[in-house]
Protein chains: 2
Amino acid sequence: MSTDSTSAATTGSPFVLEGRPTAQLIADQLREQIVQGAFLPGQQVNESVLAVQLNTSRGPIREALQRLSQEGILVNKRNRGVFVRELTSEDIREIYAVRQALESTAAQELLDAPPETIEETCSILKDTLAEMAKQVAVSDWPAIARLDMQFHTSFVAGTGNSRLIRSYKTLAAESRMCILNLEVSYPRVDVLVEEHQVLLDLLARRDRKALLRAIRQHMEKAVEDLTTQHDKALGA
Amino acid sequence: MSTDSTSAATTGSPFVLEGRPTAQLIADQLREQIVQGAFLPGQQVNESVLAVQLNTSRGPIREALQRLSQEGILVNKRNRGVFVRELTSEDIREIYAVRQALESTAAQELLDAPPETIEETCSILKDTLAEMAKQVAVSDWPAIARLDMQFHTSFVAGTGNSRLIRSYKTLAAESRMCILNLEVSYPRVDVLVEEHQVLLDLLARRDRKALLRAIRQHMEKAVEDLTTQHDKALGA
DNA sequence: GATCGGCAAATTGTTGACAATTTGGCCAAG
DNA sequence: CTTGGCCAAATTGTCAACAATTTGCCGATC
C-alpha cells in the first residue's frame, strides 16, 4: 500500500470501508490490487493481516477471498491458505480462447442490436481509447493494462447480456494479470491503441465479417506476445 | 437420496457431511437440490435452518450460499436473505447465447485435439446417452434433465480447457433450472436422445461445419421450447 | 552422516454470540 | 375509512474465540 496513488487503498485508513455491500467492496478492492501486481504471483494472502489492514474481521475477508478464488485469480489450498495464482502459458491460451469466443458472440449480438445501442457503445469505447492514448503518452503501463481490459469489457457490456458480461469479467481480470508482466517486452505501445481503434472502427462501420476476423487476430496476437514473454521469463 | 419427497433433510443425519472440502460439498449438494426443484424459484433459503438441517454452523452455509449466488442460481438481497433465482425468458435467451458460444468453441478445440481425446470424449458421451435413453424409457424427467446437461458438460470438458469448463458449468446449472419446468410440454422426449446422438455422431465423424451448425440449431430449438413454455406458464 | 519420528508454530476451518437492518403489522390520528 | 408513523420480529452481517490441520524444524536413533 503506501503510495501508489490511484485507487484502492488510497489512504490508508481514515475511512473504514464505507458503503453497503461490504464483502463485495473488499473483493473489488483486492482484485484491483492483485491485478495491479500489488501481490506477486504465488504469494500467500493472509486472512488475519488483511483483516487488520482493512479494519474488519476475518469473516468478510474470507468471503472476499473465496469469491476471488472462484474467479480464479486466487487458489485455495485447504488448511494452508490462499495464494495468488501463477499463470502458465497454457493458462494464457485457455483464457484467450474463451475470451475470443465470448467477444465474438458479443460482436454478433451487438451488430444485431438497435443502432442506438451500437452508437452508445462506440461512444464509450471512444472515450476509453482516448484515455488509453493519454496513458500511452506517459507510459503508465498498469493504467494501459487497465484501460485495455476496460475497452474489451465495455465492448462486451454493450450487449447487455449479463451472463456474457459476468463470464467475461472474470477472464478480463485474469488477462490483466498476464498483461502486467508484458511491460518490458513491448517496444511500441502505440500499436495497442491502433489495434483497438481498428476494432472500434469496424464496429462503427458494422462490418461484421471484418470485425470478427479482427477480434480473432487481436486475440491470437495477444497470446503470441504473452506466451513468448512468459516463456522467455521462464527460461531466463 | 431418496427421491425428492420432502426435501432436504431427508436424510436426516446418518452421514454428517463427511469429507474434506466442506463448504464446497454443501454448495454442490445445495446446487443439486435447487436445480432439481427441491426449492421453488423465488423461495427464500434461510441460513439458520440450513445450518441445523446439515448439522453445521452458519459459516460454511454462508460460504456455500455466496458461491451459488455468484454462480447466479441464487440472488442475495442485502439484509433480507438469499432467494432462488427466477428466470425470465430474457434470461433463457442470455444463457443459451453464451452456451452456444462456449460449446462452439469447445467443438473447435476438440476437433483440433489429438484423436484419442476425441475418442475418449465420444466414449463418455455415448455412455451418458445410453443412460439418458434408459431414463427416457421410464420418463424420469429430472434425471433426463441432469443427463442432458451432463452430456453437454462432458462435451465441453473434453477440451480440457478449465476456463471453458468453469464458465460452462455455471450455465449448465442455470439451464437445468429452466429445463425442469419444461416437463409437461414435451410430447416426445425421445427426440432429445436423437438430437444428442446427432451431435455425438458429428463429433465422431469430425464433421466440423455440420457439428457447429447442429450445435447452433440445438440451442435455438431449446430457446424456442423454453421460452414458449415459459411464456405460456406466465400467461396462464 | 542420513533418516525417521515427533513437536511446535502458523494458518485456516468452525462455531456461537452479538449488532445492524429490513419488513410487516398495529395503533392512532386525520 | 384511509394514512401515517412506530414497534417488534426475523434475518442477515459482523465479530472474536476455539478447534483442526498442515508444515517445517529439531533431535534422537540407526
Side-chain angles (χ1 to χ4, degrees), chain A residues 13-31 33-34 39-86, chain B residues 7-9 13 15-31 33-34 39-86:
Chain A
S13 45
F15 71 137
V16 246
L17 270 188
E18 76 243 24
R20 287 62 93 141
T22 323
Q24 177 92 30
L25 270 179
I26 299 175
D28 293 340
Q29 196 169 327
L30 269 185
R31 189 188 304 110
Q33 294 206 357
I34 293 170
F39 296 85
L40 282 73
Q43 181 180 346
Q44 181 166 12
V45 179
N46 189 303
E47 293 182 1
S48 307
V49 311
L50 265 182
V52 304
Q53 278 183 0
L54 298 182
N55 196 31
T56 181
S57 76
R58 273 180 55 212
I61 298 289
R62 228 179 130 69
E63 287 192 18
L65 292 182
Q66 190 209 345
R67 181 168 299 226
L68 297 181
S69 295
Q70 200 174 349
E71 288 181 12
I73 71 180
L74 296 178
V75 298
N76 197 323
K77 304 190 178 181
R78 166 112 183 167
N79 280 317
R80 287 294 316 283
V82 296
F83 303 81
V84 179
R85 175 148 204 170
E86 303 183 83
Chain B
S7 74
S13 35
F15 67 141
V16 246
L17 269 188
E18 74 249 20
R20 287 69 81 147
T22 323
Q24 177 91 32
L25 269 179
I26 299 174
D28 292 341
Q29 195 168 330
L30 270 184
R31 188 187 305 109
Q33 294 206 357
I34 292 170
F39 296 85
L40 282 72
Q43 180 181 348
Q44 182 166 11
V45 179
N46 189 302
E47 293 182 1
S48 306
V49 311
L50 265 182
V52 302
Q53 279 184 359
L54 298 182
N55 196 32
T56 180
S57 76
R58 273 181 55 213
I61 299 289
R62 228 179 129 67
E63 287 190 19
L65 293 182
Q66 190 209 343
R67 183 169 297 227
L68 297 181
S69 296
Q70 199 174 349
E71 287 181 12
I73 71 181
L74 295 178
V75 297
N76 198 324
K77 304 190 178 181
R78 167 109 181 168
N79 280 317
R80 287 297 315 285
V82 296
F83 302 81
V84 179
R85 175 148 205 171
E86 303 183 82

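Naming convention: chains lettered A, B, ... in sequence-line order (proteins, then strands); numbering from 1 in each chain. These numbers come from a predicted model, not from an experiment.
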- [ ] For DNA chain D, find the residues of residues 58-66 of chain B with a heavy-atom distance under 4.0 Å and give them by number; none if there aren't any.
- [x] Arg58(B), Arg62(B)
Task: Side-chain heavy-atom pair Gln24(A), Arg67(A) within 4.5 angstrom cut-off - done: yes
TODO: Report the distance from atom CZ of Phe83(B) to atom P of dT22(C), rounded to the nearest whole Å.
DONE: 14 Å
- [ ] Could you check Val45(A) against Leu50(A) for side-chain contact (heavy atoms from CB on, under 4.5 Å), going step by step and ending with a plain yes or no?
- [x] CA-CA 8 Å; Val45(A) 179; Leu50(A) 265 182; 3.4 Å; yes
Task: Phosphate-side-chain proximity, Thr22(B) and dT14(C), N/O vs OP1/OP2 below 4.0 Å - done: yes
Open item on the list: Could you work out, with side-chain contact (heavy atoms from CB on, under 4.5 Å) as the rule, every residue matching Ser57(A), not counting sequence neighbours?
Closed with: Pro60(A)
Task: For atom CG of Asn46(B) and atom P of dA9(D), their distance in whole Å - done: 17 Å
- [ ] Could you check how far CG of Leu50(A) sits from P of dA10(C), rounded to whole Å?
- [x] 18 Å
When the side chains of residues 70-77 of chain A are checked against the rest of the protein, which donor-acceptor pairs come out under 3.5 Å, sequence neighbours left out?
unit_1, atom_1, unit_2, atom_2, d
Glu71(A), OE1, Arg31(A), NE, 2.8
Glu71(A), OE2, Arg31(A), NH2, 2.8

TODO: Report the distance from atom CD of Gln43(A) to atom C1' of dT11(C), rounded to the nearest whole Å.
DONE: 15 Å
Open item on the list: Could you work out, with salt bridge (charged side-chain N to carboxylate O under 4.0 Å, His left out) as the rule, every residue matching Arg80(B), not counting sequence neighbours?
Closed with: none
- [ ] Ignoring backbone atoms, test whether Asn76(B) places a side-chain nitrogen or oxygen under 4.0 Å from the OP1 or OP2 oxygen of dT12(D).
- [x] no
TODO: Step by step, work out the side-chain contact (heavy atoms from CB on, under 4.5 Å) result for Leu68(A) and Val82(A).
DONE: CA-CA 10 Å; Leu68(A) 297 181; Val82(A) 296; over 6 Å; no
Open item on the list: If I compare all heavy atoms of Arg85(A) with all of Pro41(A), which pair ends up nearest, and what's the gap?
Closed with: O-CB, 3.9 Å
- [ ] Answer whether the closest heavy-atom distance between the side chains of Arg58(B) and Ser48(B) falls below 4.5 Å.
- [x] yes
Task: Nearest heavy atoms of Ala64(B) and Ala27(B), plus distance in Å - done: CB-N, 3.7 Å
- [ ] Assign Val45(B) to base, sugar-phosphate, or nothing according to its heavy-atom contacts below 4.0 angstrom with the strands shown.
- [x] sugar-phosphate
Task: Shortest side-chain distance from Ser57(B), nucleotide among dT12(D), dG13(C), dT15(C) - done: dT15(C)
Open item on the list: Taking salt bridge (charged side-chain N to carboxylate O under 4.0 Å, His left out) as the definition, give me every residue that meets it alongside Arg62(B), ordered by chain and number, with sequence neighbours left out.
Closed with: Glu63(A), Glu47(B)
Open item on the list: How many whole angstroms separate atom CD of Gln24(A) from atom P of dT12(D)?
Closed with: 18 Å
Task: Qualifying residues under side-chain contact (heavy atoms from CB on, under 4.5 Å), relative to Gln43(A), sequence neighbours excluded - done: Phe39(A), Leu40(A)
Task: Leu74(A) CG - dT12(C) C1' separation (whole Å) - done: 15 Å
Open item on the list: For a quick test of reading the model: is some side-chain N or O of Thr56(A) closer than 4.0 Å to OP1 or OP2 of dC15(D)?
Closed with: yes
- [ ] Supply the atom-to-atom distance Arg78(B) CZ to Thr22(A) OG1, rounded to the nearest 0.5 angstrom.
- [x] 4.5 Å
TODO: Starting from C1' on dG13(D), measure out to NZ on Lys77(B) and report it in whole angstrom.
DONE: 18 Å
Polar atom pairs (N or O), protein with nucleotides 21-23 of chain D, under 3.5 Å:
unit_1, atom_1, unit_2, atom_2, d
dT21(D), O3', Asn79(A), ND2, 3.4

Below 3.5 Å between N/O atoms, which protein atoms pair up with nucleotides 5-8 of chain D? Just atom names and distances, please.
none

